[in-house]
Amino acid sequence: NDGSVTATPVDAYDSEYLCPVSIDGQILALEFDSGSSDLWVFSTSLPLSQQKGHVIFDPSKSKNWKALSGYTWNITYGDKSGASGTVGTDVVTVGGTSVSGQAVEIATQVSSQFVSDTANNGLLGLAFSSINTVKPQKQKTFFDLAKPSLSSPVFTADLKHHAPGTYDFGTINSAKYTGAITYTNVVTSKGFWEFTGSGYAVGNGSFVSSSIDAIADTGTTLIYLPDAVVTAYYQQVSGASYDSSQGGYTFPCSATLPNLTLGIGSYRAVVPGQYINYSPRGSKCFGGVQSNTGIGFSIYGDVFLKSQFVIFDGSSTPRLGFASK
Ligand SMILES: C[C@H]1CC[C@H](NC(=O)Cn2ccnc2)CC1
């Protein structure tokens, strides 16, 4: 049973996108994250101080809730935020797609970043189940459990700049993209939707062929790329500089930002320059393209993904598809 759900930007900067998810009739706005594989929610098991301002899942009010005795989970994200708790199963519905026996991870502790992000009531992981953190037995993602009931084993992301977009499960809606879809192979060994980009161009400059090991991550706001790409990009932005106090490249908010073209095979994905003016920070503006130093790979996050129509193909040979829109 295919489904479609609206993905709404949480703020004026598209720092994250939230989708309504029903857990046995209790509806929470969750962040869909193709960079992780746990479905966890704010719950009545949290200290009241951490629940404040959030929509809370109460398993005691769910008829279909089944606690998994002795099961726990504990996750830390790349930005050092995190959460942990206990586990049960329930019926989870996203758009028209319903799954029974879905592991729902109940938070008994969440980091301060999540407490203060009151629009966010948890995450729905869409990476590979191999990196689910539940112990003693890891659990399957919503997508993995839904796959057999979908017309085709895919989900698509049509995120938008400063506007609501959609995630579709089971279908590739040809009304949502233009031209051909370019597919590229995915390596699942780290549990991510990992692929190799073919290079880049800054503005109207010539394309530089280079292999860029990257993941498609809806749960990361910005684009994190090798230093060679990032310095080449900001050399074309007058007044740009690396500001260690802000933790990245900033520039005058009045700057005109060039487009960034990222190659995927022979396809040229164009990220409009205006998407790379991420947000005001201090007296300047913070860039939507930053260095991947210390991460170990590049991350094509929302600033990139919202410029494309993206197919996450979970067939027996997983692959990623990209198209313009
Ligand atoms: C330096 C980068 C900073 C941002 C990191 N992304 C995440 O932590 C993604 N995420 C998921 C849930 N909450 C956040 C990736 C590394």
Side-chain angles (χ1 to χ4, degrees), residues 7-11 13-19 21 28-42 50 54 73-85 104-105 107 109-129 131-134 141-143 157 159 167 190-195 197 212-227 229-230 233 242-250 275-276 278-279 281 286-306 310 312:
T8 305
V10 73
D11 59 22
Y13 314 113
D14 299 345
S15 57
E16 64 186 70
Y17 295 84
L18 298 171
C19 307
V21 174
L28 285 74
L30 303 185
E31 179 181 6
F32 283 21
D33 180 14
S34 65
S36 67
S37 304
D38 285 48
L39 195 172
W40 71 263
V41 292
F42 273 71
Q50 294 188 14
H54 290 269
W73 61 283
N74 188 328
I75 195 162
T76 302
Y77 298 101
D79 63 3
K80 310 301 174 222
S81 65
S84 60
V104 175
E105 301 171 30
Q109 174 273 325
V110 298
S111 66
S112 57
Q113 297 100 316
F114 285 111
V115 175
S116 53
D117 183 0
T118 49
N120 182 317
N121 305 300
L123 266 75
L124 188 143
L126 292 167
F128 293 88
S129 298
I131 56 172
N132 175 267
T133 75
V134 173
T141 64
F142 171 79
F143 179 48
L159 301 177
Y167 286 96
K190 292 192 197 86
F192 299 130
W193 292 91
E194 185 174 8
F195 64 101
I212 300 174
D213 174 18
I215 69 169
D217 183 1
T218 60
T220 288
T221 311
L222 308 181
I223 304 173
Y224 295 88
L225 289 167
D227 281 329
V229 184
V230 179
Y233 182 80
Y242 182 81
D243 180 347
S244 52
S245 70
Q246 297 294 351
Y249 283 85
T250 61
Y275 290 16
I276 300 171
Y278 170 58
S279 72
R281 195 171 296 190
F286 195 77
V289 170
Q290 296 294 341
S291 168
N292 72 0
T293 299
I295 301 174
F297 43 83
S298 292
I299 302 179
Y300 289 23
D302 298 332
V303 167
F304 170 78
L305 297 169
K306 66 185 176 180
V310 187
F312 294 78

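In listed order, ligands and their atoms are each counted from 1.
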(message) Looking only at protein heavy atoms, which one is nearest to atom 3 (C) of ligand 1, and what is the separation?
(response) Y224 OH, 3.7 Å

(message) Considering T76, T293, I215, T220 one by one, which has a heavy atom nearer to atom 7 (C) of ligand 1 than any of the others?
(response) T220

(request) Measure across V10 and S15 and return the closest heavy-atom pair with its distance rounded to 0.1 Å. (result) CG1-OG, 3.4 Å

(request) Drop me the distance from I299's CD1 to T220's OG1, to the nearest 0.5 angstrom. (result) 4.5 Å

(message) So if I count the atoms of ligand 1 from 1 in the order they appear, which ones are less than 4.0 Å from some heavy atom of D33?
(response) 11 (C)

(request) For the pair W193 and F128, name the ring-plane relationship: parallel under 30°, tilted 30 to 60°, perpendicular over 60°. (result) tilted

(message) Please tell me whether S298 and N292 have a donor and an acceptor in their side chains that are separated by less than 3.5 angstrom.
(response) yes

(request) Any atoms of ligand 1 less than 4.0 Å from a non-hydrogen atom of I299? List them with their elements. (result) 15 (C), 16 (C)

(message) Please compare N120, T218, D79, L123 and report which has the shortest non-hydrogen distance to atom 8 (O) of ligand 1.
(response) D79

(request) Let me see the working for F114 and Y77 under side-chain contact (heavy atoms from CB on, under 4.5 Å), right down to the final yes or no. (result) CA-CA 11 Å; F114 285 111; Y77 298 101; 3.7 Å; yes

(request) Report the nearest protein non-hydrogen atom to atom 1 (C) of ligand 1: residue, atom name, distance rounded to 0.1 Å. (result) I295 CD1, 3.7 Å

(message) Could you identify the single nearest non-hydrogen protein atom to atom 10 (N) of ligand 1 and state the distance to 0.1 Å?
(response) G219 O, 3.3 Å

(request) First locate atom CZ of F304, then atom OG1 of T221, and finally report the distance between them rounded to the nearest 0.5 Å. (result) 15.5 Å

(request) Report the part of S81 in contact with ligand 1, treating N, CA, C, O as backbone and CB onward as side chain, heavy atoms under 4.0 Å; options are side chain, backbone, both, neither. (result) side chain

